[in-house]
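Here is the naming used below: chain letters follow the sequence lines, and residue numbers restart at 1 for every chain. Excluded from the calculations below are hydrogen atoms, water molecules and symmetry mates; all remaining heavy atoms, backbone and side chain alike, are included.
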Amino acid sequence: MFKSIIWATDGSETAETALPYVRELAGENHAKLTLLHCDELLVGRSAGHDQFIGDEYVRDLVRRRVRELRDEGIDATARFTSGIGCDAAQQVSEAVDELGADLVVIGTRGRNPLGQLFLGSVTQRLLELGPCPVFVVPTMTPAGATTGRTAAAATA
Amino acid sequence: MFKSIIWATDGSAAADRAMPYVKSLASESGAEVTVCHADQLLVGRGGGQHVLADEEDLSAKIERQAAELREGGLNAKERIVHVTTGESPAQVIADSAKELGSDLIVIGTRGHSSLGGLLLGSTTHRLLHLAPCPVFVVPTGKGAEASEGQPATAEAVS
């Protein structure tokens, strides 16, 4: 039912919770998968991190994920966009138009350690722009998809 | 990949946009579907009143949609929960997901309208905070019309 899926990721743990779902959605649908990273923070890394220092690391991580997914037989590619003060949600939305994507998968925050409710601003803005359906994986989701769930239960 | 899917609907046109996705996701996964609707009540001394004047129509519509899903071969049932004004529909949906052990919630929501005035639905927003599982959000935006098998834009019709 999906032909072209975008996984919007900033390489954070939060974003990584979406990985099991990305794998299944892209695999089962034989969809083309684009890992999209915007240089500006996507979901927002935790406070205390310089937002620019880690970026090369994030690119490496994204490239590594692409290789892993390709090894699993998924048609995955990486796409990096950047810009100072760029609007990540807008960039995701533009990528959707450009690639003709029919689904965006994004990991977002549930609660922060203080128990405060939190929704990534990029996720929220993306939903407002509404370029296509968005599969939102909250951080509090117990370690991922149905496949991940048993693993999580086993390790818990 | 999903076993139990909740379709959270308020019976609106925006919510209806999620239905084709519910159908596809559920049939591909062989998941059971619960069409979940929160009937909001204003309760006073005179008894309870529906917050939405056309609540009975909406409930009937949702029951019809659940029946349509069943006719399509899905294991679907409706779940209409009455809530008083102190409770939020989002909480009701999240609680239902926990209770049913659901692994996906599908919800249609408003994106930017052509008027530019409508923002993300508040129930969707809250649900993303409360949901124990992923939430598949179907916007009523330009993306909806671009999607395969979607009807023409609601804006164009209305």
Side-chain angles (χ1 to χ4, degrees), chain A residues 1-4 6 17-18 20-29 89 92-93 96-97 99-112 115-121 123-149, chain B residues 1-5 14 17-18 20-31 90 94 97-98 101-113 116-121 124-150:
Chain A
M1 70 182 289
F2 303 109
K3 292 190 179 73
S4 171
I6 290 179
T17 54
Y21 294 100
V22 167
R23 187 178 274 138
E24 290 209 35
L25 286 164
E28 287 186 8
N29 290 284
V92 174
S93 190
V96 167
D97 287 344
L99 300 168
D102 43 20
L103 182 69
V104 175
V105 182
I106 191 165
T108 193
R109 291 199 184 145
R111 289 163 195 270
N112 69 13
Q116 288 165 332
L117 295 173
F118 229 44
L119 178 64
S121 60
T123 303
Q124 191 180 337
R125 190 156 154 65
L126 181 62
L127 292 172
E128 285 168 7
L129 290 171
C132 67
V134 183
F135 190 99
V136 185
V137 185
T139 309
M140 297 312 281
T141 299
T146 38
T147 47
R149 181 168 291 180
Chain B
M1 71 181 286
F2 304 106
K3 292 190 178 67
S4 167
I5 297 175
R17 304 205 80 107
Y21 291 98
V22 170
K23 271 187 195 162
S24 299
L25 288 163
S27 54
E28 284 178 16
S29 303
K98 280 178 201 137
S102 302
D103 42 20
L104 184 68
I105 299 170
V106 182
I107 189 166
T109 192
R110 289 187 296 249
H112 264 318
S113 74
L118 297 172
L119 294 177
L120 183 60
T124 303
H125 185 98
R126 278 186 68 88
L127 182 61
L128 290 171
H129 290 172
L130 300 170
C133 62
V135 183
F136 188 99
V137 185
V138 183
T140 310
K142 56 192 167 90
E145 66 197 83
S147 302
E148 201 183 345
Q150 292 283 313

Would you give the length of the straight line joining atom OH of A/Tyr21 to atom CG of B/Asp103, rounded to the nearest 0.5 angstrom?
7.0 Å
Side chain proximity check, B/Leu128 to A/Gln124, heavy atoms < 4.5 angstrom:
no
Minimal heavy-atom distance between B/Pro134 and A/Pro138, with the atoms involved, is CA-CD, 3.7 Å
Side chain from CB out, backbone as N, CA, C, O: work out which of these in A/Leu25 comes under 4.5 Å of a heavy atom of chain B, or both, or neither.
both
At a 4.5 Å cut-off on heavy atoms, which part of B/Leu104 comes close to chain A: side chain, backbone, both, or neither?
side chain
Distance in Å, B/His125 NE2 paired with A/Thr123 OG1, rounded so as to fall on 0.5 Å steps:
10.5 Å
If I take atom NZ from residue B/Lys23 and atom CE from residue A/Met1, how far apart are they, to the nearest 0.5 angstrom?
11.5 Å
Assign the ring pair A/Phe2 / B/Phe136 to parallel, tilted or perpendicular, where the plane angle (0 to 90°) is split at 30° and 60°.
tilted
